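Below you'll find the structure, written out as structure tokens, and then a few comments.
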Amino acid sequence: MIVVGVDGSMAARAAVEWAAGDALRAHVPLRVVHAVDRSPYQIDRFGPADRPDAPTREGRRALDEALALARERQPGVEVTTALVEGSPDVVLREEAVRADELVVGSRGLGGLTGALLGSVSAHLAGRVACPVVAVRAERHPVRGEVAVGVDDSPGCEAALEYAFAQARLRGAALRVVHAWQLPVHAFAPEISYEMDQVRAAQHEAVVGRLAAFERRHPGVRVVEDAPCRQPVDALTAASAGADLLVVGSHGRGAVGAALLGSVSRGVLHHARCAVAVVRHHT
């Protein structure tokens, strides 16, 4: 099942379209959820049932619009809706327990204001077991490419599996981005550093890791990309030609600091396409 959070915003509409498309390709049902967050208003949550309050009315309207949009775009997908009391991050975290994928808009109104760059990225991406996809409101033509950030550690395997599966379902090419940087101490004159050897070893590790995925997904065309630049810059550049950018919730090795530390946060801020954050299961 794919779960999508909605709030009536344009980004939420884009998220519904995205989620409906993924549900169709994966042959799974779609669940559309709106969180009724009363905390900013201090409204009695147990008001008269026959006279729903404004947040409830707005929530039902958002769900009705999302349901109509999903059925219009993908009439073959089974769609259900849910109006759930609570803050968006708490509600969606609970919904994610039963989900194969959680989809949210990257901009929002009302309860989901700043969700991607605030509560969702902080409380959901990398914390829930399923992939979290953040979809932007801006429309782009289909580019036919999925991009994924990798390093030379096992921590990127969950992201790679998801990225290969998405590329296969979409009939898209997969761009594997392995950014590398010169270590700071490589510039110290008293240290002789064989950087070519280091790069070769890192590249060999990445290629070795890719081989198993390529065997499992033989129909996916893989493009390797190993720029010498900051990981966020490299991934943002790749996003300009992709329909989806996939990152892990943490990584070590060549990339260094934890993804969904600086790298994932930077990618969520700057990517020019939808971003999926996939947690590494230790």
Side-chain angles (χ1 to χ4, degrees), residues 2 18 22 25-26 96 99-103 124-134 143-181 199-227 229-239 241-268 271 273-282:
I2 292 176
W18 179 278
D22 267 9
R25 285 184 287 270
D100 300 307
E101 177 180 290
L102 175 63
V103 184
L124 295 177
R127 294 193 182 190
V128 301
C130 69
V132 177
V133 183
R143 293 151 172 162
E145 185 169 287
V146 173
V148 59
V150 302
D151 58 22
D152 53 356
S153 80
C156 63
E157 291 195 351
L160 272 171
E161 181 59 42
Y162 178 82
F164 266 93
Q166 283 284 326
R168 177 177 54 80
L169 289 171
R170 293 167 180 274
L174 179 62
R175 179 173 297 275
V176 178
V177 182
H178 173 217
W180 63 280
Q181 297 171 262
R199 277 195 64 193
Q202 292 174 347
H203 179 70
E204 185 177 340
V206 170
V207 169
R209 200 167 299 285
L210 284 175
F213 292 96
E214 291 181 286
R215 285 194 295 271
R216 289 203 294 273
H217 303 277
V220 175
R221 183 171 69 88
V222 175
V223 179
E224 292 182 44
D225 193 354
R229 61 195 304 186
Q230 293 277 356
V232 172
D233 293 341
L235 294 170
T236 300
S239 75
D243 300 310
L244 174 66
L245 173 61
V246 183
V247 293
S249 61
H250 65 78
R252 298 183 184 86
V255 170
L259 283 171
L260 207 75
S262 59
V263 174
S264 283
R265 280 199 302 271
V267 167
L268 287 169
C273 66
V275 177
V277 180
V278 183
R279 192 175 79 176
H280 168 56
H281 300 282
T282 54

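No experiment lies behind these values; they were computed from the predicted model shown.
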If you take all heavy atoms of [X] and [Y], which pair is closest and at what distance?
X: Asp100; Y: Pro131; value: O-CD, 3.2 Å
X: Ala271; Y: Leu245; value: CB-CD2, 4.1 Å
X: Ala173; Y: Ala167; value: O-CB, 4.3 Å
X: Cys273; Y: Arg143; value: CB-NH1, 4.0 Å
X: Gly149; Y: Cys156; value: O-CB, 4.4 Å
X: Cys130; Y: Ala99; value: CB-O, 3.4 Å

- Go through the steps to decide whether Glu101 and Gln166 satisfy the test side-chain contact (heavy atoms from CB on, under 4.5 Å), and finish with yes or no. CA-CA 12 Å; Glu101 177 180 290; Gln166 283 284 326; 3.6 Å; yes

- Task: Compare all side-chain heavy atoms of Leu244 with those of Trp18 and state whether any distance is below 4.5 angstrom.
- Result: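 Yes, close enough: below the 4.5 Å cut-off.
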
- Message: Applying the salt bridge (charged side-chain N to carboxylate O under 4.0 Å, His left out) criterion to Glu161, which one of Arg279, Arg209, Arg216 satisfies it?
- Response: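 Between Glu161 and the candidates, salt bridge (charged side-chain N to carboxylate O under 4.0 Å, His left out) is satisfied uniquely by Arg216.
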
Kindly compute the distance separating [atom1] ([X]) from [atom2] ([Y]), expressed to the nearest 0.5 Å.
X: Leu174; Y: Asp225; atom1: CG; atom2: CG; result: 11.0 Å
X: Leu160; Y: Glu214; atom1: CG; atom2: CD; result: 10.0 Å
X: Leu210; Y: Glu224; atom1: CG; atom2: CD; result: 5.5 Å

Sequence neighbours left out, what passes salt bridge (Lys or Arg N to Asp or Glu O under 4.0 Å) with [X]? Give chain and number order.
X: Arg25; value: Asp22
X: Arg221; value: none
X: Arg168; value: none

- Message: Applying ring pair (Phe, Tyr, Trp, His ring centres under 6.0 Å), can you list everything that pairs with Tyr162, at least two apart in sequence or on another chain?
- Response: none

Show me the side-chain donor-acceptor pairs of residues 232-239 shorter than 3.5 Å, one per line, residues at least two apart or across chains.
| from | atom 1 | to | atom 2 | distance (Å) |
| --- | --- | --- | --- | --- |
| Thr236 | OG1 | Val232 | O | 2.7 |
| Ser239 | OG | Thr236 | O | 2.6 |
| Ser239 | OG | Arg272 | N | 2.9 |

- Among Val148, Val150, Val277, the one residue meeting side-chain contact (heavy atoms from CB on, under 4.5 Å) with Val247: Val277

- Item | Those residues that, when tested against Glu145, pass side-chain hydrogen bond (donor to acceptor under 3.5 Å, both in side chains) (two or more places apart) | Arg175

